Amino acid sequence: MTEPMEIYPMAMFPTLSVADIDASVVWYSEKVGFATVFSLPGPSGGTVMAHLRWRKYADLLLLPEAKPTQTGQTRGAGVALSFLADAKPIDDLTAEMAGRGVVIAEGPVSRPWNVRDFVVLDPDGYRLVFFAPVDTSRDFEDVMGDVRQG
């Protein structure tokens with residue numbers, strides 16, 4: 001028997017409007033590796049809210065889209081969510097997700113701000129950036145000096 005996920009107050013969390021909540025829950029959990037904290041069924045039995053967790057304090061809520069997007073609108077356009085991925089090397093995590101069928105939109109790449117990251121797009125076009133520090137011994141001023149120098 002699996003223990004229930006811990007519920008705790010969060011100062012901030014994103015809520016994403018998705019076209020197919022059940023398909024999104026499967027994608028986030030089976031392809032990317034999020035855990036389902038809980039799903040809330042509606043009166044007709046369909047899921048009306050799903051609470052997912054990447055790691056402690058890195059949660060998402062998924063809600064079914066209230067109305068279809070207007071012609072020309074792209075759900076998720078301009079939204080990027082970044083997740084610390086320090087449990088394993090970023091290149092290994094990239095390969096694992098790609099092996100589960102996740103399309104890697106960019107990376108992995110090392111950035112001047114001392115992280116290595118990669119980007120995936122969820123089924124609704126939301127950008128998920130998974131990142132890890134490159135050199136944890138460097139302080140903020142050293143990193144910012146590199147950024148300023150380009």
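Bear in mind the structure is a predicted one, so any value in this text is a computation, not a measurement.
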Same apolar cluster: [X] and [Y], side chain cutoff 4.5 Å:
X	Y	value
V129	I104	no
I7	L52	no
L60	M10	no
V26	L128	no

K88 side-chain N/O to L93 backbone N/O, donor-acceptor pair under 3.5 Å:
no

Provide the full list of salt bridge (Lys or Arg N to Asp or Glu O under 4.0 Å) pairs with a residue in residues 35-63, sequence neighbours left out, each pair given once.
E6-K56, R53-D59, R55-D86

Worked verdict on L16 versus L81 for side-chain contact (heavy atoms from CB on, under 4.5 Å):
CA-CA 10 Å; L16 305 180; L81 305 169; 3.9 Å; yes

Start with the C-alpha gap between H51 and T36, add the side-chain angles, then the distance that decides, and say whether side-chain contact (heavy atoms from CB on, under 4.5 Å) holds.
CA-CA 6 Å; H51 180 170; T36 300; over 6 Å; no

Can you name the one residue among F131, F34, Y28 that meets ring pair (Phe, Tyr, Trp, His ring centres under 6.0 Å) with F83?
F34

With heavy-atom distances below 4.5 Å as the criterion, would you say the side chains of [X] and [Y] are in contact?
X	Y	value
L121	R127	yes
D124	S24	yes
R111	D117	yes
T15	L63	yes
I21	P64	yes

Can you give me the closest heavy-atom contact between [X] and [Y], atom names plus distance?
X	Y	value
M49	L61	SD-CD2, 3.6 Å
P41	G45	CB-O, 4.2 Å
D91	P108	OD2-CG, 3.6 Å

Is there any ring-ring contact (aromatic ring centres under 6.0 Å, His included) pair reaching into residues 104-127, and which pairs are they, with sequence neighbours excluded?
F118-F130

Please report the interatomic distance CG(L62) to CG(L40), rounded to the nearest 0.5 Å.
12.5 Å

Straight-line distance of D92 CG to E96 CD, nearest 0.5 Å
6.5 Å

Take T47 and V25 through the test side-chain contact (heavy atoms from CB on, under 4.5 Å) and record every step on the way to the result.
CA-CA 10 Å; T47 306; V25 167; 5.5 Å; no

For residues F13 and Y57, establish whether the separation of their ring centroids is below 6.0 Å.
no

Any residue meeting side-chain contact (heavy atoms from CB on, under 4.5 Å) with S110, in chain and number order, not counting sequence neighbours:
R116

Hey, mind stepping through V103 and V120 against side-chain contact (heavy atoms from CB on, under 4.5 Å) and telling me if it holds?
CA-CA 6 Å; V103 176; V120 303; over 6 Å; no

